[in-house]
Amino acid sequence: MTAAAQFARIPHPAPTPAQRVQEILAAPGFGRFFTDHMVTIDYTEADGWTNAVVEPYGSLTLDPATMVFHYGQAIFEGLKAYRQPDGQVACFRIDANAARFRRSARRMAMAELPEELFIESVRQLLEVDSAWVPAAGGEESLYLRPFMFATESGLGVKPASSYKYLLLGSPAGAYFPRGVKPVRVWLSTEYVRAAPGGTGEAKVAGNYAASLLAQAEATAKGCDQVVWLDAVERRYVEEMGTNNLFFVYGSGADARLVTPELSGSLLPGITRDSLLTLAADSGYPVTERKISVEDWRAGAESGEITEVFACGTAAVITPVGSVCGPDGEFVIGGGEPGEVTMALRDTLTGIQRGTFADVHQWMRVL
Ligand code: COI
């Protein structure tokens, strides 16, 4: 049976009126509104992937002994669909998200959703809720949130034998309320996000739970975001909040980029990977290597590091303006968005919105 033939459809009895959808799309924020439908697919050891349904968005009823509540087998993905100038809807690098979802499942000893079912679930949701994809030309997109959790009931500690996969759609504007305004970051020396051998390179719900206290500390220090250091030496920069980081050395034709190497505890971001390619396309040499906090401070103070930015699906590219930590604060560049940062942002968002040539064939109309 084809992936498409596995899906049943239960249409929404009272979809959101078109005018209300337009009001939401005019100022969607991030993660506040959901489209009329969702996709659910069940997995059992006996039957494999079954009960694929596109159904009205709604609550779930779960046994209190459902294993995800106790032992946390839960993973997710995030990707975006963009309205193209010709009116079609295209997803950015959906194959990469489908592959990473499988890898995350494997790391968490969960069932691996076949990539064609992942992609078909997105196609199905976009087909019924296409009115929720914002108009072409702006910053907005439809953020898609595939996720999966253990559904077996019981308190024995073991990989569950059953799982539920869901897909939600949520119109998205700027992730950070201040848009591309540079953020002030807090170097977390007390807490770490992930350790070697841990789950840092998988997109696991628990990684995000473990990050919240450090983020609260950053906020209490007057910063927007936390910067994670390596767990062993607390010296090397890993990520910022839920984003990867890039450092720009020099300027103009001499600009070159550095991004922390994939240490095993960093999330291999799809935006990170795309920017490695786009930076090289633009003629900027890019190196993946370790970068220490001392190098960051010294480089910023000497002017050698001219720009720093964070990147991720939700936030796209966000400049970093200043860095606070136990040893005080330092500023990057003039604390304003840099030239290289904004040029890469324009290229990436241009490809996503269909106004720049998609030479790597990253956009896919499903
Ligand atoms: C992303 O930007 O890829 C994220 O995962 C952010 C999300 C947790 C809101």
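For ligands, and for the atoms within them, numbers begin at 1 and follow the listed sequence. For the single chain, residues carry numbers from 1 onward in sequence order.
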(message) Check this for me - ligand 1, T313, N or O atoms closer than 3.5 angstrom, yes or no?
(response)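 Yes: some nitrogen or oxygen of T313 is under 3.5 Å from one in ligand 1.
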(request) Could you tell me the residue and atom name of the protein heavy atom closest to atom 8 (C) of ligand 1, and the distance to it rounded to 0.1 Å? (result)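 It is Y208 CE2, 3.7 Å.
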(request) Name the closest protein heavy atom to atom 6 (C) of ligand 1, giving the residue it belongs to and the distance to 0.1 Å. (result)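 Closest protein heavy atom to atom 6 (C) of ligand 1: T242 OG1, 3.6 Å.
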[X] neighbourhood, listing ligand 1 atoms whose heavy-atom distance to it stays under 4.0 Å:
X    : result
G312 : 2 (O)
K203 : 3 (O), 4 (C), 5 (O)
F30  : 9 (C)

(message) Contact between Q124 and L167 at the side-chain level, heavy atoms closer than 4.5 Å - yes or no?
(response)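 In short, these two side chains do not touch, never coming nearer than 4.5 Å.
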(message) Keeping T2 on the side-chain end and A5 on the backbone end, is there a donor-acceptor pair under 3.5 Å?
(response)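 Yes, the answer is positive, given that a donor and an acceptor are paired below the 3.5 Å cut-off.
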(request) May I ask you to say whether E294 pairs ionically with R235, meaning some side-chain N is under 4.0 Å from a carboxylate O? (result)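 Salt bridge present between E294 and R235.
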(request) Compute the centroid of each ring, for Y82 and then for F92, and state whether the two points are separated by less than 6.0 Å. (result)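 No; F92 has its ring centre 6.0 Å or more from that of Y82.
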(request) Check the side chains of T40 and E55 for a donor-acceptor pair under 3.5 angstrom, ignoring hydrogens and angles. (result)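 Yes, because at least one side-chain N or O of E55 sits under 3.5 Å from a partner of the opposite role on T40.
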(message) To the nearest 0.5 Å, what is the distance between CG on D230 and CD on E238?
(response)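 The CG atom of D230 sits 5.5 Å away from the CD atom of E238.
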(message) Please compare G78, A314, C311, A205 and report which has the shortest non-hydrogen distance to atom 2 (O) of ligand 1.
(response)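 Among G78, A314, C311, A205, the closest heavy atom to atom 2 (O) of ligand 1 belongs to A314.
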